[in-house]
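Because the structure is a prediction, the values reported are computed rather than measured.
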Amino acid sequence: MSNASEVPGGQADAAARYAYKASLIGSAHQFELTGEGLSWRLAGKSGVWPYADIAAIRLSYRPVSMQSRRFRADIENGDGARIAVLSTSWQTAALMAPQDHDYRAFITQLHARLAEAGSKAELIGGLRPRVYAAALMFLILVAVAISGLLIRAVATSEFAGALFLVGFAALFAWQIGGFVRRNRPRSYTFADLPEALLP
């Protein structure tokens, strides 16, 4: 597990800044951990959230078709305003580049700053329980459907179809199963960040 206080002093300045492009159009979303709090600039707006005003952080794993390793942090302040930090950045129309090291360092340092400030922020990992339950139900329904088709294919000696279903089931389990496993709802502490939700 990650320890939020393990960023060496020589790397703290670099870890205190992070930027990514959420789309090809527009400027990058920029974040900096300052003495006053979390400074952000995005979509033509900017502000500083004192660390004591940050009410919650939710870490999650959010793969997309262009990038299978994408992580997300949703940060919410006491007024209910929310900003998102993604681990990938758009480079070209065909390239969404991962920023694993920089994202991990920034998120780790953010938790360290909050801990130092005595923050009472709620630290949440994974999907919301209702969304997670719906994802599990979908996974079960698909598994039942594939099992039924596989039994029928074997019973009718359609072995080519059976092999196709086995391959499809393996791919589905690897992609969707991994998403569900990583995004299990949980709470965590400043000293014990969830490895499954960090690159």
Problem - Distance (rounded to the nearest 0.5 Å) between I75 CD1 and R58 CZ - result: 13.0 Å
Exercise for the section: Please indicate whether I25 has more than 12 foreign heavy atoms, meaning atoms of other residues, nucleotides or ligands, lying under 6.0 Å from its CD1. Expected result: no
Practice task
Say whether I83 and V48 are linked into one hydrophobic cluster, either directly or through other cluster members, by side-chain heavy-atom distances under 4.5 angstrom.
Solution key: no
Exercise for the section: Give the minimum heavy-atom separation between V85 and F31, together with the two atoms involved. Expected result: CG2-CZ, 3.9 Å
Handout entry: Distance, nearest 0.5 Å, that separates OG of S46 from CZ of R41
Key = 4.5 Å
Practice task
Evaluate the side-chain proximity of L197 to N183: yes if any heavy-atom separation is below 4.5 Å, no if none is.
Solution key: yes
Handout entry: Minimum heavy-atom distance between R181 and R186, given as atom pair plus value
Key = O-NH2, 3.8 Å
Exercise for the section: In sequence, state the C-alpha distance, the side-chain angles, and the governing distance for Y132 and R184, and then conclude on side-chain contact (heavy atoms from CB on, under 4.5 Å). Expected result: CA-CA 7 Å; Y132 185 77; R184 175 179 56 81; 3.9 Å; yes
Exercise for the section: Report yes if some heavy atom in the side chain of F179 is under 4.5 Å from a heavy atom in the side chain of L127; otherwise report no. Expected result: yes
Problem - Atom of R113, atom of A16 and distance for their closest heavy-atom approach - result: NH2-CB, 3.9 Å
Exercise for the section: Can you label the angle between the H111 ring and the F190 ring as parallel, tilted or perpendicular, going by 30° and 60°? Expected result: perpendicular
Problem - Point-to-point distance, once rounded to the nearest 0.5 Å, from CZ of R17 to CZ of F106 - result: 11.0 Å
Handout entry: Residues E195 and R104 bridged, charged N to O under 4.0 Å
Key = yes
Problem - Partner of I57 under side chain to side chain contact (heavy atoms under 4.5 Å, CB included), chosen from I107, L193, I124, L110 - result: L110
Handout entry: Short side-chain to backbone donor-acceptor contact, N77 and D79, under 3.5 Å
Key = yes
Exercise for the section: Locate the shortest heavy-atom distance separating L123 from T189; write the atom from each residue and the value. Expected result: CD1-C, 3.6 Å
Exercise for the section: Could you walk me through whether Y18 and Q99 pass side chain to side chain donor-acceptor pair (under 3.5 Å), step by step? Expected result: CA-CA 10 Å; Y18 185 74; Q99 301 185 145; 3.0 Å; yes
Exercise for the section: Please lay out, stage by stage, how D102 and Y20 fare under the test side-chain contact (heavy atoms from CB on, under 4.5 Å). Expected result: CA-CA 10 Å; D102 291 345; Y20 75 94; over 6 Å; no
Exercise for the section: Decide whether L150 and L163 are clustered together by the hydrophobic rule: side chain heavy atoms of Ile, Leu, Val, Met, Phe, Trp, Tyr closer than 4.5 Å, transitively. Expected result: no
Handout entry: Test item: side-chain donor near acceptor, Y51 and E116, under 3.5 Å
Key = no
Exercise for the section: Could you tell me whether the side chain of S87 and the main chain of F71 form a donor-acceptor pair under 3.5 Å? Expected result: yes
Fill in the blank from the handout: Scanning both residues in full, the closest heavy-atom pair of S60 with G126 reads CB-O, 4.2 Å
Handout entry: Which atom of R69 lies closest to which atom of P199, heavy atoms considered
Key = NH2-CA, 3.3 Å
Handout entry: Electrostatic pair R72-D74, nearest N-O below 4.0 angstrom
Key = yes
Handout entry: Spacing of CD belonging to E122 relative to OH belonging to Y188, to within rounding of 0.5 Å
Key = 10.0 Å
Practice task
Taking the side chain as every heavy atom from C-beta outward, state whether V144 and S147 have any pair of such atoms under 4.5 Å apart.
Solution key: no
Handout entry: Inter-residue atom distance R70.CZ - S89.OG, 0.5 Å rounding
Key = 11.5 Å
